[in-house]
Amino acid sequence: MTMFNERDEQLIDAYLDGELLPEDRLAFECRLEQEPELSRALERSAAVRSAMADLRQPAPGALVEDVMAAVEEEIVERAPRRAALWSLPLEGVAAAAVILLALAAGSHFYRHDRIVPPPLFRAEPEFQTALAAPREGGGDRRAGSFTIARDEMKSGETVGVMDGLLAAADESGALEEELLIASAPVEGGAAGLAQAHTVPALPAGVEADAAPHPRVFARTVPPGAPPSSTVAPAPEAAGGTRNNYDLRSSGETTAQQPGFLALTAENAAATGDETAPIEYTVIVSFVLPKDQVENLRTLARQVGGAFVLSEPEEGGDSDGSLRAGFTYPFARQDQVRRKLAQMNAREIRMMQWEIQTPPRRIYVEVLFE
Amino acid sequence: MEERGASAGLISNVLLETDDPIQEALERARYGDQEAFAQLVRLTQDRIYSTLIRLVNSPDEAEDLAQEVYLRAYRSLKHFRGEARFETWLTRIAINLGRDALRRRRSFFSRIFSLDEGFANAEDSAPAPREVADESLSPERDYDRQELASAVKEGLAALPEEKRTLLVLRDIEGMSYEEIGEVLDLPVGTVKSRLSRARTELRRIIGPQVTGW
């Protein structure tokens with residue numbers, strides 16, 4: 001590629017923008033006839049402009065509906081609070097209960113995307129108790145619904161959005177399945193991982209950048225290290241190393257991806273055993289009141305995770321809350337969940353990137369309102 | 001108009017002496033007409049979504065942000081004084097939200113990723129250059145359209161946010177220099193000079209990616 005000076009590049013842009021004065025335009029067109037390289041540069045710029053214009057993308061069809069649903073919700077929220085349930089006459093409560101039950105039943109049939117799934121955390125009484133505890137300013141943490149929001153990225157991914165912690169996985173139990181898969185080290189090292197989590201080719205019509213971007217946060221486990229189901233030492237403390245392997249799905253199989261190859265080499269080098277287990281780590285991020293930050297830091301330390309706090313000037317939200325988070329081994333998820341339930345987090349995002357067939361990423365977002 | 005309520009009819013008679021569908025819907029929406037607000041969303045959503053998706057490079061996040069843009073607009077509708085065009089105002093909200101999201105993402109994830117060495121966040125890194133083809137072998141060869149489109153998309157994502165925003169607004173959304181100046185609160189001359197630098201940088205990024213460039 002021939003490099004032009006800045007002035008020539010500006011001239012080309014101005015010419016394509018129709019910004020040149022008539023005499024300058026004429027002079028530029030004369031140069032084009034005499035300077036093939038300039039002409040070629042103009043073609044290139046025009047081609048880039050054309051390719052840029054093609055990047056315009058229409059909004060998803062459901063956006064209007066989603067926006068209006070959110071507007072409706074906001075209108076309802078801003079409406080004057082109704083009388084507390086306990087202040088209503090008993091027959092009124094009974095009638096309301098009947099109506100609510102009818103509505104709930106109806107919604108099951110009319111809104112196929114809103115379901116009432118089996119609670120994910122029901123088996124954990126401590127967690128449930130924490131959730132059921134009264135909150136400052138009232139409100140019930142358990143209230144809410146579960147939505148299978150959409151088939152994200154048209155590639156088989158499902159995004160679940162929860163606004164109540166007791167509402168949980170989708171009907172297929174995929175969330176639980178995902179947690180189960182990820183909660184134990186994958187045996188057989190990198191080879192086991194490749195076998196367990198092969199990423200198939202993208203479906204036709206799915207653009208590469210619209211594909212899921214799974215990342216596996218893996219650490220290599222040295223020979224003789226205690227099983228993580230009983231002890232979860234910080235990887236460095238256990239003599240292992242932790243690395244982030246970018247296992248983006250771009251059509252090729254897992255074993256062909258550069259990140260996977262790096263993981264394979266790293267695992268073998270660190271352990272001397274190509275079949276050493278590979279352990280996943282989950283990332284959790286929060287938006288939470290500042291006074292909860294220390295609690296989160298402590299929790300991260302307790303579970304052998306790594307704490308991360310966005311700097312206020314960079315990540316502080318307008319309401320004075322902060323975004324913070326940490327990574328933790330899946331093996332400690334029960335402990336983490338119990339502790340999280342005791343925090344007054346406004347929002348919890350659990351993000352995990354997982355390679356599996358079909359490609360699927362579960363993104364859990366919890367709002368305490 | 002007949003099917004609307006009496007008050008909406010009055011508004012339409014008194015205030016809606018305009019051929020601009022956005023302005024018409026805006027006036028009605030300001031009086032609480034929700035269908036008019038939905039119409040505003042329909043009329044402007046492509047620009048807002050398209051801007052956001054190129055800014056944050058994530059369909060999912062762009063959709064969430066677009067929803068937030070309209071919610072904020074809805075809340076502030078009564079205070080919108082019409083000093084800028086409605087679409088310009090919306091675009092400014094979208095750019096601000098998109099920048100906030102990028103800042104949060106960059107800050108948060110860079111800290112997580114920096115826990116380990118050797119990880120390059122795609123948001124901050126240019127795509128790896130391909131082998132440069134020998135131009136002399138095919139000097140007249142047209143660029144492969146798909147290849148160029150892919151290189152442009154990747155190159156755009158690799159640009160710093162400020163330059164990406166300018167290119168998105170001008171070369172994808174086709175906004176005028178003046179409107180971009182309003183959205184970004186910059187003088188028109190500054191918009192032009194920065195845009196020129198952004199285009200130059202984009203061409204330099206994508207050059208090695210395209211066969212026969």
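Every chain is numbered from 1, with letters handed out A, B, ... down the list of sequences. No experiment lies behind these values; they were computed from the predicted model shown.
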Practice prompt. Let me know if B:Leu202 has heavy atoms under 4.5 Å from chain A in its side chain, its backbone, both or neither.
Written response: side chain

Item to complete: Could you grab the distance from atom CD1 of B:Ile53 to atom CZ of A:Arg56, nearest 0.5 Å is fine?
Response: 12.5 Å

Worksheet, complete the sentence: Okay, B:Leu52 and chain A: the region with an atom under 4.5 Å from a heavy atom over there is neither

Item to complete: Kindly compute the distance separating CD (A:Gln57) from OG1 (B:Thr51), expressed to the nearest 0.5 Å.
Response: 11.5 Å

Worksheet, complete the sentence: Among residues 186-193 of chain B, those lying within the under-4.5 Å heavy-atom range of chain A are B:Lys192

Worksheet entry | A:Met52 and B:Arg170, any side-chain heavy atoms less than 4.5 Å apart | no

Worksheet item: Where is the tightest heavy-atom contact between B:Gln67 and A:Leu63, given as atom of each residue plus distance?
Response: N-CD1, 4.2 Å

Response to the item:
So, the part of B:Arg47 with a heavy atom under 4.5 Å from chain A: the answer is both

Practice prompt. Evaluate the salt bridge (Lys or Arg N to Asp or Glu O under 4.0 Å) criterion for residues A:Asp13 and B:Arg203: first the C-alpha distance (whole Å), next the side-chain angles of each, then the deciding distance (0.1 Å), finally the verdict.
Written response: CA-CA 12 Å; A:Asp13 285 333; B:Arg203 284 193 290 262; 3.4 Å; yes

Item to complete: Against chain A, label B:Ile172 side chain, backbone, both or neither, depending on which of its atoms sit under 4.5 Å from a heavy atom there.
Response: both

Worksheet item: Do NZ/NE/NH1/NH2 and the carboxylate oxygens of A:Asp17 and B:Arg199 come within less than 4.0 Å?
Response: yes

Practice prompt. Please assess B:Tyr74 against A:Val67 for the test side chain to side chain contact (heavy atoms under 4.5 Å, CB included), listing each intermediate value before the final yes or no.
Written response: CA-CA 10 Å; B:Tyr74 181 81; A:Val67 167; over 6 Å; no

Worksheet, complete the sentence: Among B:Val152, B:Asp171, B:Leu156, the residue with the most heavy-atom pairs under 4.5 Å to chain A is B:Asp171

Worksheet item: To the nearest 0.5 Å, how far apart are OH in B:Tyr70 and CE in A:Met68?
Response: 11.5 Å

Practice prompt. Could you grab the distance from atom CZ of B:Arg197 to atom CD of A:Gln10, nearest 0.5 Å is fine?
Written response: 8.5 Å

Worksheet item: Would you call B:Glu63 and A:Asp66 a side-chain contact if the rule is heavy atoms closer than 4.5 Å?
Response: yes

Practice prompt. Heavy-atom distances under 4.5 Å only: say whether B:Leu167 touches chain A with side chain, backbone, both or neither.
Written response: both

Worksheet item: chain A heavy atoms under 4.5 Å from B:Glu68: which part of the residue, side chain, backbone, both or neither?
Response: neither

Fill in: Contact class of B:Gln39 relative to chain A, heavy atoms under 4.5 angstrom
neither

Response to the item:
Highest number of heavy-atom pairs under 4.5 Å with chain A among B:Ala149, B:Ala38, B:Ala66 belongs to B:Ala38

